[in-house]
There are 2 protein chains.
Amino acid sequence: MRVTIAEVAQRAQVSKATVSRVLNGKPDVDAATAARVRQVIADVGYVPSARAVGLARGRARTVGMLVPSLTWPWTGEVVQGAVDELEAEGYGLLLYTVNRGTESLSQFASHVSAKAFDGLLVIEPPDTLSYIETLHDQGLPVVMIDDRGSRPGFPSVSTTNREGAQAAAQHLVAAGRRGFAVVTGPANFGCVRERLDGFLDALGDAGVHVDPRLVVEGDFGTDRGAVATEKLMATGLRFDAVFAHNDLSALGVMRALTAAGRKVPDDVAVVGFDDIPIAAHAELTTVRQPMREMGEAAARLLLSRLEGAAPSREPVVLPTALVVRRSG
Amino acid sequence: MRVTIAEVAQRAQVSKATVSRVLNGKPDVDAATAARVRQVIADVGYVPSARAVGLARGRARTVGMLVPSLTWPWTGEVVQGAVDELEAEGYGLLLYTVNRGTESLSQFASHVSAKAFDGLLVIEPPDTLSYIETLHDQGLPVVMIDDRGSRPGFPSVSTTNREGAQAAAQHLVAAGRRGFAVVTGPANFGCVRERLDGFLDALGDAGVHVDPRLVVEGDFGTDRGAVATEKLMATGLRFDAVFAHNDLSALGVMRALTAAGRKVPDDVAVVGFDDIPIAAHAELTTVRQPMREMGEAAARLLLSRLEGAAPSREPVVLPTALVVRRSG
DNA sequence: CTGAAAGCGCTTACAG
DNA sequence: CTGAAAGCGCTTACAG
């Protein structure tokens, strides 16, 4: 039989209320009494039932986390950062995926209604921003890890997409590159616009102009990165540097260049964005997004809200860092 | 204010007990009454409080999952498989890591005591097998995803380490290789013994003998894979194929060979184990472990235990598959 | 077929 | 400083 607060109370010769007070560190408990209760707790190895505490208090010391899929290269990092931070405060992390589409989402929604968690951490799944916004407006504390430049109307954590792209441009210019091409991500992503603007602006400041025909759209996937690169080469325009909006497409860029007999970095430099594990292996120069730190920051933000802090509308922005490797 | 069962009962002109019966699909409810209750539930959008249901029933429809770290190449796959399966049954997944060492583990332990979840899925963290065994013996339903060949005394899911290694050997022999070297994982891992045995046995069957000096121990890391390869080359013995016990060390093997001017696969073939994402990018031939499927199988096993099935001591073993790429 | 009541294991005013 | 009692929102015998 599991030991309950009633048993502890009886053994310590006090009421359940007093045991509860000791448990929760409330003032106004006689020192000797408290010591006795603590002794009994230790002796019987009593741990309060999470469910009962949650029901009585109306809060579960649990947060939910909704992610698109765990098989993306960097979701693990973000989740790890969040778990570490939450765990340190004794919070549990309920994990939800939208891997199975609508069905996943309705499961998730019912857990929301069931008040299975106190607050929500979310990496925006495709086309879900307005739903998340609704949850926030209905009073659920939400913090979003924003890797797309969505700038939601509630607390979020993002990175310096613009400055990261600027750093990439400056680095390439300093390395003597003069002909620039860009393989972007999906045009409707905020981060894509920010990365493109930062890159072009920095080049402009350096007096370099980019031919619009050398800016082609990718989809953040490796194959489309390769296809985009073939398009770039088909223009017949000269370029000696390609900035890809993420690492996966940069890998496609490298593949297509190599296949066409162009050496990386001798003929063409390639720079990516993200710094996923494969980037190091492929010796890809890239703009690192601090995924782990973003997960941590998001968790801290949510925790402070749960402890009563007011939600800040301004996103927390973490700095990117240029990681120079062989490719550019 | 949140809508409770009391409100539903009142609106439907029945008792809370009846609402509960309808909610849980119990028999013996008048059809008309049930319909009326269901209508009210739909109208007010009522969803039972997970905490209250959990407390009353003594079970939470939540399972815990303990993993060493989420930043390993394949943990994401395993967790994703588990989440998908659990979600389909309406179960939640509480995620725990031992990323912060002892502190993480004690946090985890207190959640166990607090009965925060009904059952546990675990990827064995270093040196924790006996602790997990204790939990199982104390009555907590546990299923382990066994990637190390630990063969615990409770339900587990593993792969065909032996057969996978055999397939690798047969493939290399068929490709005409004759001088074999092995970079193993840590010697105390069961999977390492199985992979070594399978490999050597298959070679033996093909009439090939392996010089013991060409079997060196690695630690499943890339750097040690490279160091091990340097040792292999330093023996002065000839070899034209290396079997590494996991992909990360296989990458180190490839790096060291290339650095020494030996071409892969022309001079030396390299085969790994796991099939992590980088393997495809590195064009590494490898033995694929079905991580996703292992997560799914483990979840199904745990679910069936929670529904009352008896624990099976025999591990569920999923087949590996040889993935042939350029390296070997 | 249905309801009143007790119980799950805590917390929290309210008295004293 | 401490206890009796109500309450958190359900489920489950027990009656009828």
Side-chain angles (χ1 to χ4, degrees), chain A residues 1-38 40-41 44-62 90 92 110-118, chain B residues 1-38 40-41 44-62 90 92 110-118:
Chain A
M1 204 43 219
R2 194 157 191 287
V3 14
T4 69
I5 197 173
E7 180 171 344
V8 174
Q10 183 195 319
R11 292 204 190 209
Q13 318 261 44
V14 295
S15 69
K16 297 188 292 176
T18 296
V19 176
S20 176
R21 287 185 188 105
V22 172
L23 240 23
N24 299 296
K26 304 261 165 148
D28 301 331
V29 179
D30 179 80
T33 314
R36 183 153 37 91
V37 171
R38 261 188 279 273
V40 174
I41 289 175
V44 301
Y46 168 66
V47 178
S49 150
R51 285 195 277 274
V53 174
L55 183 58
R57 270 212 273 256
R59 311 199 306 137
R61 278 190 94 74
T62 298
S110 88
H111 279 236
V112 173
S113 307
K115 290 256 181 233
F117 43 82
D118 305 332
Chain B
M1 206 41 217
R2 196 158 188 288
V3 14
T4 70
I5 197 174
E7 179 171 346
V8 173
Q10 182 195 318
R11 292 203 189 210
Q13 318 261 43
V14 296
S15 70
K16 296 188 294 177
T18 295
V19 176
S20 176
R21 288 186 187 103
V22 173
L23 240 22
N24 299 297
K26 305 262 163 144
D28 300 332
V29 179
D30 178 80
T33 313
R36 183 153 36 93
V37 171
R38 259 190 280 275
V40 173
I41 289 176
V44 301
Y46 169 67
V47 178
S49 149
R51 286 197 277 274
V53 174
L55 182 59
R57 270 211 273 254
R59 311 199 308 137
R61 278 190 97 72
T62 298
S110 87
H111 280 233
V112 173
S113 308
K115 291 257 182 232
F117 43 81
D118 305 332

For a 4.5 angstrom cut-off between non-hydrogen side-chain atoms, does Arg11(A) reach Val44(A)?
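Yes, close enough: below the 4.5 Å cut-off.
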Decide yes or no for Ile5(B) and Pro48(B): does some side-chain heavy atom of the first lie under 4.5 Å from some side-chain heavy atom of the second?
no
Can you name the nearest heavy-atom pair linking Arg51(A) to Lys115(B), along with the distance?
NH1-O, 3.0 Å
Hey, what do you get for OG1 (Thr33(B)) to CZ (Arg21(B)), rounding to the nearest 0.5 Å?
11.0 Å
From CG (Leu23(A)) to NZ (Lys16(A)), nearest 0.5 Å:
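With rounding to 0.5 Å, CG (Leu23(A)) is 13.0 Å from NZ (Lys16(A)).
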Mind calculating the distance between CZ (Arg61(B)) and C1' (dC8(C)) to the nearest angstrom?
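Going from Arg61(B) (CZ) to dC8(C) (C1'), I get 18 Å.
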Whole angstroms only, please: what is the CD-P distance between Gln13(A) and dG3(D)?
10 Å
Are the side chain of Asp30(B) and the backbone of Ala32(B) linked by a donor-acceptor contact shorter than 3.5 Å?
yes
Donor-acceptor pair, distance only, cut-off 3.5 Å: does the side chain of Asp118(A) make one with the backbone of Arg61(A)?
yes
Letter per nucleotide, 5' to 3', of nucleotides 10-16 of chain D [B base touched, S only sugar-phosphate touched, - untouched; heavy atoms, 4.0 Å]
BSBB---
When you look for runs of 3 or more Watson-Crick or G-U pairs in a row, both distances below 3.5 Å, which of them include DNA chain D?
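Stems found: C:1-3 with D:14-16, C:5-12 with D:5-12, C:14-16 with D:1-3.
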Which residue lies toward the 5' end of DNA chain C, Asp30(B) or Arg51(A), if each is placed at its nearest nucleotide?
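In this pair, the answer is Asp30(B).
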For Asp28(A), which contact category applies under a 4.0 Å heavy-atom criterion: base, sugar-phosphate, or nothing?
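Since a base atom lies under 4.0 Å of Asp28(A), the category is base.
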Could you check Val14(A), Val40(A), Thr4(A) and say which one makes a side chain to side chain contact (heavy atoms under 4.5 Å, CB included) with Val19(A)?
Val14(A)
